[in-house]
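Chain naming here is simple, since letters A, B, ... match the order of the sequence lines and numbering starts at 1 in each. Quick caveat, the model's predicted, so the values are computed rather than measured. Quick note: numbers below take in every heavy atom, side chains included, and nothing from hydrogens, waters or symmetry partners.
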Amino acid sequence: MSKVQTPRPIRGTQDIFGADAEAFAFVVETFERVRKLYRFRRVEMPVFEKTEVFARSLGETTDVVSKEMYSFDDRGGESLTLRPEFTAGIARAYLTEGWQQYAPLKVATHGPLFRYERPQKGRYRQFHQIDAEIIGAAEPQADVELLCMADQLLKELGVDDGVTLQLNTLGDADSRDSWRAALLAYFQAVRGELSEDSQERLERNPLRILDSKDPRDQAFVADAPKIDEFLTAEAEDFFGAVTAGLDAAGVKWQRLDKLVRGLDYYRHTAFEFVPDEGSVAANALGSQSTILGGGRYDGLMESLGGAPTPAVGWAAGIERLAMLVGEREPERLDVAIAVEADELVAAAARIAPELRLSGFSVEVVVTGSGRKRYDKAAKLDPAYLVSLQVRDGLAGYSARSQIDDNRETQIEAIIGKHVRL
RNA sequence: GCGAUCGUAGCUCAGUUGGUUAGAGCGCCGGUUUGUGGUACCGGAGGUCGCGGGUUCAACCCCCGUCGAUCGCCCCA
């Protein structure tokens, strides 16, 4: 007779409960509220797509595509992938569902994403993001609006203190290509002196050398070619319009000309909200610093076979935001009913739903001895604690109230219909 | 994929240079002889010390392996 082994949860998944779950819900609720202020429309997206949706749009050589995707063949032999991000799927829907008719389209969503990575603080294999996109808008004001929304969201979550918007432009396709070529030539010349990781990056993604943490690289990074030297006039104007818009809107930002983002599709504006070094926020997040990131992805639609379509968007990690939000307890219980005599279970069964229909939160305690029932009810820390009992053969109640008079009267009117004071 | 640290009760953790029967708090169950009281007191259940080897008269403790977790690198939200 072998004992049944309880299955373990999958590495990198979370069972979120209690204060953490409250914080998670607070992030999502706040996002929903803010998104409506900016008139972003809610969309629900599939959790999995054909593998090519991500492989083609993110770039074959990116880490996400080359080693982090949860891909599998379905029964028809087709390769499917659990989404590692939102943008590619939304772009696909924009093309296949005829959403072009709504352009410029502002959409928002949230939900789980999957990446096969080593879990650590603030990083999970199944994680959750909130996401906002503006598709079919080429004007810099779209970038500004999106960043304003992000800024307001962080403020309303109360996590803006010690968090800075870092902003960069990667230029248009021409700017980016010539900058990339210059960087490649520059780093190739000192190849042997770079860290092993960066020699690797030279092959696959030279831009990433710029944000290497290795001191051996940083000496060269300081003097590396700057994107500003390669910007076309149009790209420079565009970035100027974005920064001017942010200034007008009162959104604080910081130029970081070595900020690049991991995915191939980014053009022009790229940004991240990052906690300041040494801040409480930075400490809470461990080494995973970015809480919200995004940018413009004008080239993405073409990689999925669509017409050239300008677009800009961002996503933020719900778990990381929840860590900054900190402890959040559920709202205080309104009424606890200790049913101290079994004859009164039926009375409680009538009182509780009536109270709830009137908008009070209610817990009923019916197990253990009378004394224990009162104890359990008291431990729920209700604003109004009522004990139902039989005295001299008659149903009665007594109460301890910390609720305002008006609500107390309302509660006692309902209780009084079923038992006497 | 690489590195570091850590695995003792449902949870958070004690556990002496290796020495009888491995402890506490919380939680759970029962009691405190019907109590207008409180977030009390008393008692009980619950552990093959992650798993497998080894060293030893003797291992929760030392060694090796393995699995798992945490944190970091890479990368990212």
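- Without hydrogens or angle criteria, A/Arg332 side chain to A/Asp381 main chain gives a donor-acceptor distance under 3.5 Å.
- A/Arg261 places its CZ atom 8 Å from the C1' atom of B/C76, with the value rounded to the nearest Å.
- Remark: the A/Arg115 side chain and the B/C75 base include no donor-acceptor N/O pair separated by less than 3.5 Å.
- B/C61 sits 33 Å from B/C73 when the P atoms are compared, rounded to a whole Å.
- With hydrogens and angles ignored, no donor-acceptor pair closer than 3.5 Å exists between the side chain of A/Lys372 and the base of B/G35.
- For the pair A/Asp63 and A/Ala378, nearest-nucleotide mapping onto RNA chain B gives the more 5' position to A/Ala378.
- Taking atom CH2 on A/Trp314 and atom C1' on B/C76, their separation rounds to 17 Å, with Å as the unit.
- Comparing the C1' positions of B/C51 and B/U12 gives an interatomic distance of 24 Å, to the nearest angstrom.
- Between A/Arg201 and B/C75 there is a side-chain N or O to OP1 or OP2 distance below 4.0 Å.
- At whole-Å resolution of the value, NZ in A/Lys379 and P in B/G37 are 19 Å apart.
- Using modelled atom types and a 3.5 Å distance limit, the side chains of A/Arg42 and A/His110 yield a donor-acceptor pair.
- Taking the charged nitrogens against the carboxylate oxygens, A/Asp143 and A/Arg296 do have a contact shorter than 4.0 Å, which makes a salt bridge.
- Counting non-hydrogen atoms under 4.0 angstrom, A/Gly286 reaches the backbone sugars and phosphates but no base.
- Going from the P atom of B/C11 to that of B/G27 covers 15 Å, rounded to whole Å.
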Dot-bracket notation for RNA chain B is requested: 5' to 3', Watson-Crick or G-U wobble pairs only, both distances under 3.5 Å, with ( ), [ ], | and . as defined.
-> (((((((..((((.....[...)))).(((((.......))))).....(((((..]....))))))))))))....

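- A/Tyr374 contributes no side-chain N or O that forms a donor-acceptor pair with the base of B/G38 under 3.5 Å.
- Side-chain atoms of A/Arg371 lie closest to B/G38 of the nucleotides B/U36, B/G38, B/C75.
- Side-chain contact check for A/Gln129 and A/Arg320: no donor-acceptor pair (N or O, by modelled atom type) lies under 3.5 Å.
- For the residue pair A/Thr13 and A/Gln126, no side-chain donor N or O sits within less than 3.5 Å of a side-chain acceptor on the partner.
- What separates CD of A/Gln120 from C1' of B/A69 is a distance of 13 Å, to the nearest Å.
- For the pair A/Ser387 and B/U36, the criterion of a side-chain N or O lying under 4.0 Å from OP1 or OP2 is not met.
- The base of B/C76 lies close enough to the side chain of A/Arg320 for a donor and an acceptor atom to sit less than 3.5 Å apart.
- Atom pair A/Asp375:CG and B/U32:P shows a separation of 14 Å (rounding to whole Å applied).
- Rounded to an integer number of Å, the gap from OH of A/Tyr397 to P of B/G35 is 21 Å.
- Glycosidic conformation, B/G38: syn, with the torsion inside 90° of 0.
- A donor-acceptor pair shorter than 3.5 Å can be found between the side chains of A/Glu133 and A/Thr87.
- Residue A/Phe273 contributes atom CZ, which lies 14 Å from atom P of B/A77 at whole-angstrom precision.
- The separation of B/C60 from B/U17, taken at their C1' atoms, amounts to 15 Å, rounded to a whole angstrom.
- At a threshold of 4.0 Å, the pair A/Lys252-A/Asp151 does not count as salt-bridged, since none of the basic side-chain nitrogens sits closer than that to a carboxylate oxygen.
- Taking the P atoms as reference points, B/G37 lies 34 Å from B/A24, given to the whole Å.
- The residue A/Glu68 sits close only to the backbone: its heavy atoms come under 4.0 Å of sugar-phosphate atoms, none of a base.
- Across B/G23 and B/A9, the matching P atoms stand 14 Å from one another, rounded to whole Å.
- With respect to the salt-bridge test (charged N to carboxylate O, under 4.0 angstrom), the residues A/Arg191 and A/Glu203 qualify.
- For the 3.5 Å distance criterion, the side chains of A/Glu117 and A/Tyr124 fail to qualify, holding no donor opposite an acceptor.
- With rounding to whole Å, A/Lys121 atom NZ is found 7 Å from B/G72 atom P.
- Using a 4.0 Å heavy-atom criterion, one finds that A/Thr290 contacts the sugar-phosphate atoms exclusively.
- Contact annotation: A/Ser287 side-chain N/O to B/C73 OP1/OP2 distance is under 4.0 Å.
- Distance check on atom P: B/C62 versus B/G15 gives 13 Å, rounded to whole Å.
- One finds no side-chain N or O of A/Arg400 lying less than 4.0 angstrom from the OP1 or OP2 phosphate oxygen of B/U36.
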Test ring pair (Phe, Tyr, Trp, His ring centres under 6.0 Å) on A/Tyr116 and A/Tyr70 and set out the steps.
-> CA-CA 6 Å; A/Tyr116 193 89; A/Tyr70 271 97; 5.4 Å; yes

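- Here B/C76 is the nucleotide among B/C74, B/G68, B/C76 with the atom lying nearest to any side-chain atom of A/Ser289.
- Each of A/Ala315 and A/Gly12 was assigned the nucleotide of RNA chain B with the nearest heavy atom; the assignment lying further toward the 5' end belongs to A/Gly12.
- B/U20 and B/G3: their P atoms are spaced 39 Å apart (whole Å).
- Using a 4.0 Å heavy-atom criterion, one finds that A/Glu200 contacts no nucleic acid atom at all.
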